[in-house]
Number of protein chains: 2
Amino acid sequence: MSKKFLSAALALAMGAGYSLTAVSQAKPEVLVKQRQSAMTLQGKYFGPLGGMLKGAVPYDANVVARNAGYLEVLSKMPWDGFAESTKGAQNTRALPAIWTDAAKFKQSQEQFQSAVAALVAASKSGDEAKVKAAIGEVGKNCGSCHDNFREK
Amino acid sequence: MSKKFLSAALALAMGAGYSLTAVSQAKPEVLVKQRQSAMTLQGKYFGPLGGMLKGAVPYDANVVARNAGYLEVLSKMPWDGFAESTKGAQNTRALPAIWTDAAKFKQSQEQFQSAVAALVAASKSGDEAKVKAAIGEVGKNCGSCHDNFREK
């Protein structure tokens, strides 16, 4: 494939603003959009699991296993989007505590990731009670981090 | 954890519109937002690889391996968001061909997923030339699918 074709393909594929993220600091609005995208997808794949725990959705071990696997990857994605450059950015509910209490924010990320890893492990156990407890722990971590670091 | 606490945590975690996606058809605007989020993250993690291929970003095998793994999961996420209910939705560049030529759209998804899987395999080979060829193939698939199914 020619370099010319590739450049065109990349431009088509990604639109403005993405191709230079590794060579220059991404723009704050791009970082905000990317981190919000990761949160949106966490919501997409956690939502049905929360529904199963509440009894609003029939329990389905295959969906739990699939979504838990997706969440394990997604749980790694938002955090580099909370760069200092995004302080004061528009269209975000991120609270200043993200930067003024960075250690606690980091700890919350790690606890969330641990809870998701525990859900992945539980989803392989075939033990529905264990799976539901693990779903509850993930939900608790989502909620407490939002409580502390996201505008009401 | 009490059901009451969990409901509150879920509401906090997800905001309106997510918790019922598995029991009722998600709203078109939610589906559009979710599929665009998956595309945004594909851009985030493919961007640097495209930069490496073009020589704009220093080659880094670890970044390639990590991003390829993320892309493998992300390549599965957008497609169920192109539900019939989203035809004519606002704020999307999705073309009608997605629904009028559904077989070709499905084939494009599968070719893209194959190209990403090949990139994952190449990233484990330690062969930079092979990795770069695989990055090119992924970019080509992004571009051709956007050519056919996304408004210019």
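Each chain gets a letter, A, B and so on, in the order the sequences are listed, and its residues count up from 1.
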Contact origin within B:Leu74 toward chain A - heavy atom pairs under 4.5 Å: side chain
Show every donor-acceptor pair shorter than 3.5 Å between a side-chain atom in residues 118-130 of chain A and any protein atom, with sequence neighbours excluded, or say none if there are none.
unit_1   : atom_1 : unit_2   : atom_2 : d
A:Ser123 : OG     : A:Val120 : O      : 2.7
A:Ser125 : OG     : A:Ala122 : O      : 2.6
A:Ser125 : OG     : A:Asp127 : N      : 3.1
A:Asp127 : OD1    : A:Ala129 : N      : 3.1
A:Asp127 : OD1    : A:Lys130 : N      : 3.1
A:Glu128 : OE2    : A:Lys132 : NZ     : 3.0

NZ on B:Lys33 to NZ on A:Lys44, rounded to 0.5 Å: 13.0 Å
Euclidean distance, B:Ser37 OG relative to A:Met39 CE, rounded to 0.5 Å: 11.5 Å
Transitive ILVMFWY side-chain link A:Leu31 to B:Tyr45, under 4.5 Å: no
Linked, directly or transitively: A:Phe149 and A:Val116 (ILVMFWY side chains, under 4.5 Å): yes
Closest approach of B:Leu41 to A:Gln34 (non-hydrogen atoms, all atoms of both residues): CD2-O, 3.5 Å
Inter-chain contacts: residues 76-100 of chain B against chain A, heavy atoms under 4.5 Å: B:Lys76, B:Met77, B:Asp80
